[in-house]
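Just the heavy atoms: all of them, side chains too, but no hydrogens, waters or symmetry mates, feed the values below. Only a predicted model underlies this, so the values are computations on that prediction, with no experimental measurement involved.
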Amino acid sequence: MEPTRPSRHIASNLTPGVIRDYVRTQLWPVPLAAVIASVALAQCVTWLDHLLDDDMPPALSALLFGGGAPAARSLMEAIAASTITVTSLTFSLTVVTLQLASSQYSPRLLRTFTSDRFVHNTLALFLSTFAFALTVLRTIRDEDGPSTGFVPEIAVTLSFLLALATVVGLVLFLGHLSRQLRVERMLVEVRNDFMTMVGGTGSESEPLHYVPDAPPGAVELRATTSGFLVQANEPALLKAAEQFNVTIALDRPPGDFLVEGTPFAHAWKLGGDSPDGWRSEQTDELQQAVGDALTMGFERNSVQDIGFPLQQILDVAVRAISPSVNDPTTCVHALGHLSTGLSALAREGQGHRVMTDGQGRARVFLPRRTFATLLDLVVSQICTYGMDDPRVARRVVELLSEVEHNDPAHRQAEQIRRQRHRVSRAIAGSQLDPVDRQDLLAECGAKP
């Protein structure tokens, strides 16, 4: 079957989860909304000033700005100029922070900074203050001849209060930025993201520990565009399976990179009948329906890819033990967070997903990154790059023991045993001190 051309709908198949993730990881949506709101607020407050211009209560008037039009205009100009300068400084500091995080820790940690709500709100405060002051400035009029002067006292006072708030916001932002640059803070945030995914992946589908092989004659479904598989819309896939009376099994989990024209899923008739006799239009329609249920992107995210947060932490660990950085302490800390995430996954006992129709028949099989896959990823990377450091090697041994303690049902016993053998081989072939090597090998061998 020839692959169909990509449809416009596939590129725009944005589910609520994808939209939330996009808004959360972009710097512009919240500041833009704040600017629009501030312009509207300035118009409303100015209208209120017009309404109360001659009937202002004395007690309220004493608390408001009491200067004339020239003084109000000078104040608004100063506030607008200073806030846009502070905003430029804030953007510059944010860009420097992003560069440091990308070069020193991992490029994939940029999402942690761009999704920081404190940064979003700070930029929103600065830009909204600038927009508010600029909008109020255009309403100030001098008393010149027949024209009546107007000074929006409430609006000018509110602009002054917003300017004070920006000063406080700048101080708090600098303190927040200094905390965010600490690698321990970044690791905790990414780990919390992973723990949220582990605890929030439940749905109407049931966990499955295998994805069945496609029977002979199953139709191959090919990728219609290249990019990362960001999300598979489960209800849409189930609807497509019921509509065409087929079983659909994806071969690639969210987070994998799909290349246009290559198979990524199979479909077969319910009951084992081959759909080979279908008209080509039916096959194309099925592929189109499945493709429309997928969201593709240019980068991985944590919408459905449970391995992405773990990969972010692992990137920090591997880079920390590289010769250019040589920071085994950071690697040890990162392995602690990796152990926390893997232990939670071992307790949950999650597997792949199978979705059933109203009669309980399996209709859609969705692969996910399993505990075995993620444990293999972590151990293989550390064994490749970090076993010559005694602290890192000991922390890997401890990681396997911690994960084993969090698997009371022994569902992952075989996977842990395999990885323990791998660690033992890596320790035996490392350049560790003979005493350290003997102690670590004994600790590995003492485990069942």
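With contacts defined as side-chain heavy-atom distances shorter than 4.5 Å, the pair L366/E234 qualifies. Counting heavy atoms from C-beta on, the side chains of V403 and Q412 never come closer than 4.5 Å. Using a 4.5 Å cut-off on side-chain heavy atoms (C-beta onward), Q180 and E189 make contact. The closest side-chain heavy-atom distance from F173 to L93 is below 4.5 Å. With a 4.5 Å cut-off on side-chain heavy atoms, V423 and L400 count as touching. Contact annotation: the side chain of F308 never approaches that of D193 to less than 4.5 Å [non-hydrogen atoms, C-beta and beyond]. Residues I306 and L345 meet the side-chain proximity criterion, which asks for heavy atoms closer than 4.5 Å. Side-chain atoms of T329 and R391, non-hydrogen and from C-beta on, do get closer than 4.5 Å to each other.
A side-chain donor-acceptor contact under 3.5 Å links H352 to the backbone of R368. Of the possible donor and acceptor atoms, one in the side chain of D388 sits under 3.5 Å from a partner among the backbone N and O of Q431. Between the side chain of R363 and the backbone N or O of L238 there is no donor-acceptor pair closer than 3.5 Å. Panel note: side chain T114, backbone L27; no donor-acceptor pair is recorded below 3.5 Å. Side-chain N or O atoms of H120 include one that pairs as donor or acceptor with a backbone N or O of Q26 at under 3.5 Å. With hydrogens and angles ignored, the 3.5 Å screen pairs no side-chain donor or acceptor of T25 with any backbone N or O of S115. No donor-acceptor pair closer than 3.5 Å links the side chain of R347 to the backbone N or O of D407. For R252 (side chain) and F257 (main-chain N/O), a donor-acceptor pair under 3.5 Å exists by modelled atom type. The backbone N or O of L335 lies less than 3.5 Å from no partner atom in the side chain of S339, so there is not a single donor-acceptor pair.
Between L342 and F194 the shortest heavy-atom distance is N-CE2, 4.4 Å. Residues L250 and A265 come closest through the heavy atom pair CA-CB, 3.8 Å. The minimum heavy-atom distance linking V318 with Y385 is given by the pair CG1-CD1, 3.8 Å. Minimum interatomic distance between L441 and A428 (heavy atoms only, all atoms of both residues): CD2-N, 4.2 Å. When all heavy atoms of I321 and P328 are compared, the closest pair comes out as CG2-CA, 4.2 Å. The two atoms that bring S178 and G175 nearest to each other are OG-O, 2.6 Å, heavy atoms only.
Ion pairing between D256 and R369 holds under the 4.0 Å rule for side-chain N and carboxylate O. For the pair D376 and R422, the salt-bridge criterion is met [side-chain N within less than 4.0 Å of a carboxylate O].
Remark: R179 CZ is packed, more than 12 non-hydrogen atoms of other residues, nucleotides or ligands lying under 6.0 Å away. With a 6.0 Å radius and a threshold of 12 heavy atoms from other residues, nucleotides or ligands, E299 has its CD atom above the threshold. Other residues, nucleotides and ligands contribute over 12 non-hydrogen atoms within 6.0 Å of the CG atom of D433. For E414, the CD atom counts as densely surrounded, since its 6.0 Å shell holds more than 12 non-hydrogen atoms of other residues, nucleotides or ligands.
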Criterion side chain to side chain contact (heavy atoms under 4.5 Å, CB included) on H337 and V190, from CA distance to verdict: CA-CA 9 Å; H337 293 291; V190 178; over 6 Å; no
Full working for side-chain hydrogen bond (donor to acceptor under 3.5 Å, both in side chains) between S343 and T340: CA-CA 5 Å; S343 297; T340 301; over 6 Å; no
Verdict with supporting geometry, V290 and F264, side chain to side chain contact (heavy atoms under 4.5 Å, CB included): CA-CA 11 Å; V290 174; F264 73 94; 4.1 Å; yes
Test side chain to side chain contact (heavy atoms under 4.5 Å, CB included) applied to L440 and L432, step by step: CA-CA 10 Å; L440 290 172; L432 291 169; 3.8 Å; yes
side-chain hydrogen bond (donor to acceptor under 3.5 Å, both in side chains) assessment of Q311 paired with D315: CA-CA 6 Å; Q311 182 67 66; D315 287 347; 2.8 Å; yes
Full working for side chain to side chain contact (heavy atoms under 4.5 Å, CB included) between V354 and F365: CA-CA 5 Å; V354 56; F365 294 94; 3.5 Å; yes
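Judged purely by distance below 3.5 Å, without hydrogens or angles, the side chains of E402 and N406 never pair a donor atom with an acceptor atom. With hydrogens and angles left out, the side-chain atoms of S82 and T85 include no donor and acceptor closer than 3.5 Å.
How far CG of L123 is from OG of S128: 10.5 Å, rounded to the nearest 0.5 Å. Interatomic distance, D439 CG to C444 SG, rounded to the nearest 0.5 Å: 11.5 Å. Interatomic distance, Q415 CD to L375 CG, rounded to the nearest 0.5 Å: 7.5 Å. Note that SG of C383 is 7.5 Å distant from CD of Q419, once rounded to the nearest 0.5 Å. To the nearest 0.5 Å, atom SG of residue C331 and atom CD1 of residue I382 are 4.5 Å apart. If you take OG1 on T135 and CZ on F130, they are separated by 9.0 Å, rounding to the nearest 0.5 Å.
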